[in-house]
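Not measured: the values here are computed from a predicted model. In each ligand, atom 1 is the first atom listed, and ligand 1 is the first ligand listed.
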Amino acid sequence: MLTIRNFIDGRYVDPASGQWFDKIDPATNRAVARVPDGDNRDVDAAVGAAARAFPRWSRTPAAERSRLLLAVADKIDAHLERLALAESVDGGKPLGRARAAEIPRAAANFRYFAAAIQHWHSEAYRTDQLALNYTLRQPRGVAGLLSPWNLPLYLFTWKVAPALATGNTVVAKPSELTPTTAHLLTEICQEVGLPPGVFNVVHGYGHKVGAALVAHPAVPTISFTGGTTVGAEIAKVAAPLFKKLTLELGGKNPNIIFADADQDEVLQTSLRSAFDNQGEICLCGSRIFVEESAYQRFVEAFTASAKRLKVGDPLDPTVDQGALISHRHRDRVLSYIRLAKEEGGRVLCGGAPPSPAQLGERCKDGAFLEPAVVVDLDVYCRVNQEEIFGPVVTITPFRTEEEVIDYANAAPFGLSASLWTRDLGRAHRVAERLECGTVWVNCWLLRDLRTPFGGVKQSGVGREGGDEALRFFTEPKTVCVKYAADLS
Ligand code: NAD
């Protein structure tokens, strides 16, 4: 069994508590790794190392930082198979998905910010013929980075890469449920010669390691991706300490389908946006709204396609859906299936664990769930308002553009939306009025790393991605140089 250790000051160290917990593979329900049960003492040590490394790293030329980050990206590519397997075993996700999408994206994150930092520039403003103002964008010090379990290395590196590129040093805490690829990334950073203390990883539970990192007085920058409840807790702790904070939180995203859209493409992409990664993506379109005239046909075709999705062993290349992250999470998702029925919904398919015979010997005890399609629910019921974060989708008909905009904006979240139409004017009109951070028109999850990414309402505050990330991890300082006598 793999033993994961904290990575502090360029060395692997045991947790101060001397305690470890087991990492369970949710597809088999067996322990696959020992994870440090870290606490505030480990966080103190890591923050100390990061603070000591900061003066030198922040003055390292951008070209050298860029070279090291590119080397990390190359090593991620070189270790693709190992990383993808670790990601699949940690999270229960299909190996093919980790291999084709998630690990390559982790390498892309490093490449993108390695290039971006070499092209970045700050502003200058001339005040008449009197003075010149320019802006320094300086790294802020030790960045505390906290990430969730659903896209582990992909989201972890989405924070680590810009923080390091801009000259900050890092103390990062991956999810306790998916620590392995963050651990493997520390090996890669060591191999490429990242200086000790620049990148530190402390493993353990959120209420211990995460809370200590957020509260640490020597960590002025916190970037968090996770659930809305935890995000609110973090905001409470960080606010009186005046920390700079981004919160990337939950989603309950609408997928709006007008009757004039290309219905074949709508069907294929909506299936992905509903159930990719077992519905455990913050951007999943879990509320589907279909224009009345296309509703019946869509519901039939969508349900038939959902029934055909193969649920099972994540290592089987023919499988579409793996295991949910844990039995606890599956039970929570199942509670929403029960709630959907209590709220008057009809479950057209799925919503129950597959039979052990279907799963086979290796996976018979895993946390699997057949993808569920639910209809006949009110837009304001709990199932349509709360984030389920699993393979459960609701479908609701609508009559007019106005009505569907109201439906889409009815949830307390505002992360993303998809909208399907051939009418260009309507696409622009609706996109403008949707309350969310990203609108995909005739597509889903088409990402360009330069674009701002984040949410509104309960989906969070702040933006990641592109220049937004470079700005977040730096502090602007205006320098005003007067070079002439006052103008009369
Ligand atoms: P979570 O909030 O439980 O945990 C996220 C991270 O925070 C973990 O590393 C956890 O250990 C840590 N943590 C937990 N309690 C903490 C505390 N009190 N103080 C500090 N850190 C703490 O989220 P999760 O269950 O790992 O992930 C699922 C959630 O993440 C979903 O709500 C999903 O929508 C959201 N998510 C959002 C985005 C986005 O970009 N907006 C992306 C992916 C996932």
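- Taking atom 2 (O) of ligand 1 as the reference point, the nearest protein heavy-atom neighbour is Gly227 N, 2.8 Å.
- Gly231 does not count as a contact of ligand 1, since none of its heavy atoms falls under 4.0 Å from the ligand.
- Against a heavy-atom cut-off of under 4.0 Å, Leu415 is close to the following atoms of ligand 1: 41 (N).
- Two rings, from His329 and Trp149, have their centers less than 6.0 Å apart.
- When only non-hydrogen protein atoms are considered, atom 44 (C) of ligand 1 lies nearest to Asn150 OD1, 3.4 Å.
- For Arg11, the CZ atom sits in a loose shell: 12 or fewer heavy atoms of surrounding residues, nucleotides or ligands are nearer than 6.0 Å.
- Per-residue contacts place Leu155 under 4.0 angstrom from the following atoms of ligand 1 (heavy atoms of the residue considered): 42 (C), 43 (C).
- Taking the six-membered ring for Trp and thresholds of 30 and 60 degrees, His183 and Tyr12 have ring planes more than 60 degrees apart, a perpendicular arrangement.
- Every atom of ligand 1 with a heavy atom of Gly210 under 4.0 Å away is listed here by number and element: 19 (N), 20 (C), 21 (N).
- Side-chain N/O atoms of Ser17 and Asp37 include no donor and acceptor closer than 3.5 Å.
- Between Val374 and the options Leu348, Asn384, Ile395, Thr394, a side-chain contact (heavy atoms from CB on, under 4.5 Å) holds for only Thr394.
- Contacts with ligand 1 closer than 4.0 Å are made by side-chain heavy atoms of Ile234 only, the backbone lying farther away.
- Looking only at atom types and distance, the side chain of Thr228 has no donor-acceptor partner in the side chain of Gln458 under 3.5 Å away.
- Residue Phe453 approaches ligand 1 through these ligand atoms, each under 4.0 Å from one of its heavy atoms: 40 (O).
- In Leu249, the part holding a heavy atom less than 4.0 Å from any atom of ligand 1 is the backbone.
- Between the side chains of Asn255 and Ser418, no donor-acceptor pair is found at a separation under 3.5 Å.
- In the model, Trp444 has no side-chain atom that pairs as donor or acceptor with a side-chain atom of Asp276 under 3.5 Å.
- When the heavy-atom distances from atom 6 (C) of ligand 1 to Gly206, Ser147, Gly250, Gly437 are ranked, the shortest goes to Ser147.
- For an aromatic pair to be called close, the ring centres must be under 6.0 Å apart, and His327 with Phe368 fails this.
- By the 30° and 60° cut-offs, the orientation of the rings of Phe302 relative to Phe298 is parallel.
- With a 4.0 Å heavy-atom cut-off, ligand 1 is reached by the backbone of Thr225 and by its side chain too.
- Relative to atom 35 (C) of ligand 1, the option among Pro148, Cys282, Gly226 with the closest non-hydrogen atom is Gly226.
- Distance check for atom 13 (N) of ligand 1: a protein heavy atom is found below 4.0 Å.
- Per-residue contacts place Val230 under 4.0 angstrom from the following atoms of ligand 1 (heavy atoms of the residue considered): 2 (O), 13 (N), 14 (C), 15 (N), 16 (C), 17 (C), 22 (C).
- In this structure, Phe289 has its ring center no closer than 6.0 Å to that of Phe398.
- For atom 25 (O) of ligand 1, the closest heavy atom belonging to the protein is Trp149 NE1, 2.8 Å.
- Each of the atoms 20 (C), 21 (N) of ligand 1 lies under 4.0 Å from some heavy atom of Leu146.
- Side-chain contact check for Tyr336 and Glu386: at least one donor-acceptor pair (N or O, by modelled atom type) lies under 3.5 Å.
- For Ser223 and Thr246, the side-chain atoms include at least one donor-acceptor pair closer than 3.5 Å.
- Every heavy atom of Glu233 sits 4.0 Å or more from the atoms of ligand 1.
- Ligand-side atoms of ligand 1 in range of Ser175: 9 (O), range being under 4.0 angstrom from any heavy atom.
- The contact set between ligand 1 and Pro174, taken as ligand atoms under 4.0 Å from a residue heavy atom, comprises 9 (O).
- Residue contacts with ligand 1: Ala211 is included, with a non-hydrogen atom under 4.0 Å away.
- Distance from atom 28 (C) of ligand 1 to its nearest protein heavy atom, with residue and atom name: Phe389 CE2, 3.6 Å.
- For the pair Glu387 and ligand 1, the shortest N or O to N or O distance falls below 3.5 Å.
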